[in-house]
Amino acid sequence: MKVLYFAWLRQRVGCDQEEVTPPASVTTVAALIDWLKTRSARHAEALKDSSVVRVAVNQEYARPGDSVGPNDEIALFPPVTGGSA
Amino acid sequence: MKVLYFAWLRQRVGCDQEEVTPPASVTTVAALIDWLKTRSARHAEALKDSSVVRVAVNQEYARPGDSVGPNDEIALFPPVTGGSA
Amino acid sequence: MIRVQREDFDVGAEIEALTRDNPAIGGVASFIGLVRDVAGSDRVRAMTLEHYPGMTERQLAAIDEEARRRWPLDATLIIHRFGRLEPGDRIVLVVTASAHRQAALEACAFLIDWLKTKAPFWKNEETPHGARWVAARHEDDAAAARWQKP
Amino acid sequence: MIRVQREDFDVGAEIEALTRDNPAIGGVASFIGLVRDVAGSDRVRAMTLEHYPGMTERQLAAIDEEARRRWPLDATLIIHRFGRLEPGDRIVLVVTASAHRQAALEACAFLIDWLKTKAPFWKNEETPHGARWVAARHEDDAAAARWQKP
């Protein structure tokens, strides 16, 4: 499973993307985030406030209960701020 | 008093503008239009439906009860249709 | 800024000139009106825009002033052409610039709705059935009325 | 049409290319977002726009499709830049063209509101206090929510 990080989440975790293999019990977005927090102190810190973490599964917005699988591209990022003033 | 006509009012009356001297009793927009109708059959025909006649006095929109005087520039025209689709 | 002219205008250059050297501007909304080749079920070969010189500038300036009263705008531009125009030709340009996008977008819609019911222009269309004056539409009054204050 | 690019764009040329040879178009609305030189009380020297390649294009295409479902549009264009930009630089261009002005104006406002809350871009500002990530604003969610169907 590929996990991508953007903006300050990328900076806090300290990496752009990583290939991970969570245990088989990790089948949802929420479970994946909880598992990612156990990978390092930086992960735990970056992901501690889930209200500012947005998730995309295969480039579509996803919710905590949505499922994730071994071949998915998961992206974690803060609320978007494109466009103009 | 100068009276200007625009669009189909100009075509129906048959003139762009005319210098007129209505009697002293003509002091309002409504009275002026009634008086203009007596000038010719073309005037009467052009001005017969007041719901499609708009009036400006000195280049500002005016209403039937607004006053008119000898030095005013009066314009009569149909509802405007500028801008875009 | 207000311009009433026979000549065409360059949209990119006008917007650029209006916003250049003002880095407080965050959003620029614009609207361009074009001559369509149909009106109802009829082909339109061309149209001629008649206007009331003097009153046109005065009304456009008043509409512009009203927009600037209602929204915090850094710059505005209204250009309206007159004379004979063919399908695809530009008729009107409205540009509004503000620190924030919402003000720019709303003021632009306001200006185009209002000039349509206030600016003394009249369109005469050339169709296969001859020339005819375009009638004002009730929807345009309704669109302008949205902006009336209660 | 959707474009995500580092390069600047030419507003006049883009609008011209989008509307040329379609005389059914009566109104073209556009919106340009520019980098401002202030954010709150701080000067902004520059900003860098990070994005999620692939998802960005996908989200912009979905927003564009939604606008075309809601309004009768003849043409649409969204260009969003990424990379480092300075005050006065163009960030985003939205253009909508329709037979009627109301559809063009509404769809343009819809697109800019929605891409602000849906397109995966993040702004990092360079201020005298250092670099910082721009926080999402509640007003933007509210602006986008206006377009939610009941």
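Heavy atoms only: backbone and side chains are in, while hydrogens, waters and symmetry mates are out. Letters A, B, ... mirror the listed sequences (proteins, then strands); counts begin at 1.
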- prompt: Checking C/A135 against chain B: side chain, backbone, both or neither under 4.5 Å from a heavy atom?
  reply: backbone
- request: I would like to know whether C/R132 and B/W8 meet side chain to side chain contact (heavy atoms under 4.5 Å, CB included); could you show each step before the answer?
  value: CA-CA 9 Å; C/R132 66 177 179 210; B/W8 56 256; over 6 Å; no
message: I need the residue from C/I91, C/V35, C/V134 with the largest number of non-hydrogen atom pairs under 4.5 Å to chain B.
response: C/V134
For C/M55 against B/A56, the heavy-atom pair lying closest together: SD-CB, 3.5 Å
query: For B/G83, does its backbone N or O pair with a side-chain atom of C/K116 as donor and acceptor, under 3.5 Å?
result: no
query: Crowded around C/R146 CZ? As in, over 12 foreign heavy atoms under 6.0 Å?
result: yes
message: Under 4.5 Å from any heavy atom of chain B, what part of C/F82 do you find: side chain, backbone, both or neither?
response: neither
message: Pair B/V80, C/W122 - check side chain to side chain contact (heavy atoms under 4.5 Å, CB included), show working.
response: CA-CA 6 Å; B/V80 304; C/W122 302 273; 4.0 Å; yes
- prompt: Atom OH in C/Y52, atom CZ in B/F6: separation rounded to 0.5 Å?
  reply: 5.5 Å
Side-chain donor/acceptor of B/T81 to backbone N/O of C/K123, under 3.5 Å: yes
Approximate separation, where rounding is to 0.5 Å, of C/Q59 CD and B/Q59 CD: 9.0 Å
message: Distance check, rounded to the nearest 0.5 Å: B/N58 atom CG versus C/R58 atom CZ?
response: 7.5 Å
- request: Working to the nearest 0.5 Å, report the span between CD of C/E50 and CG of B/D16.
  value: 7.5 Å
query: Between C/H51, C/R81, C/K118, C/R137, which residue shows the highest count of heavy-atom pairs closer than 4.5 Å to chain B?
result: C/K118
B/R10, part contacting chain C, at a heavy-atom distance under 4.5 Å: side chain
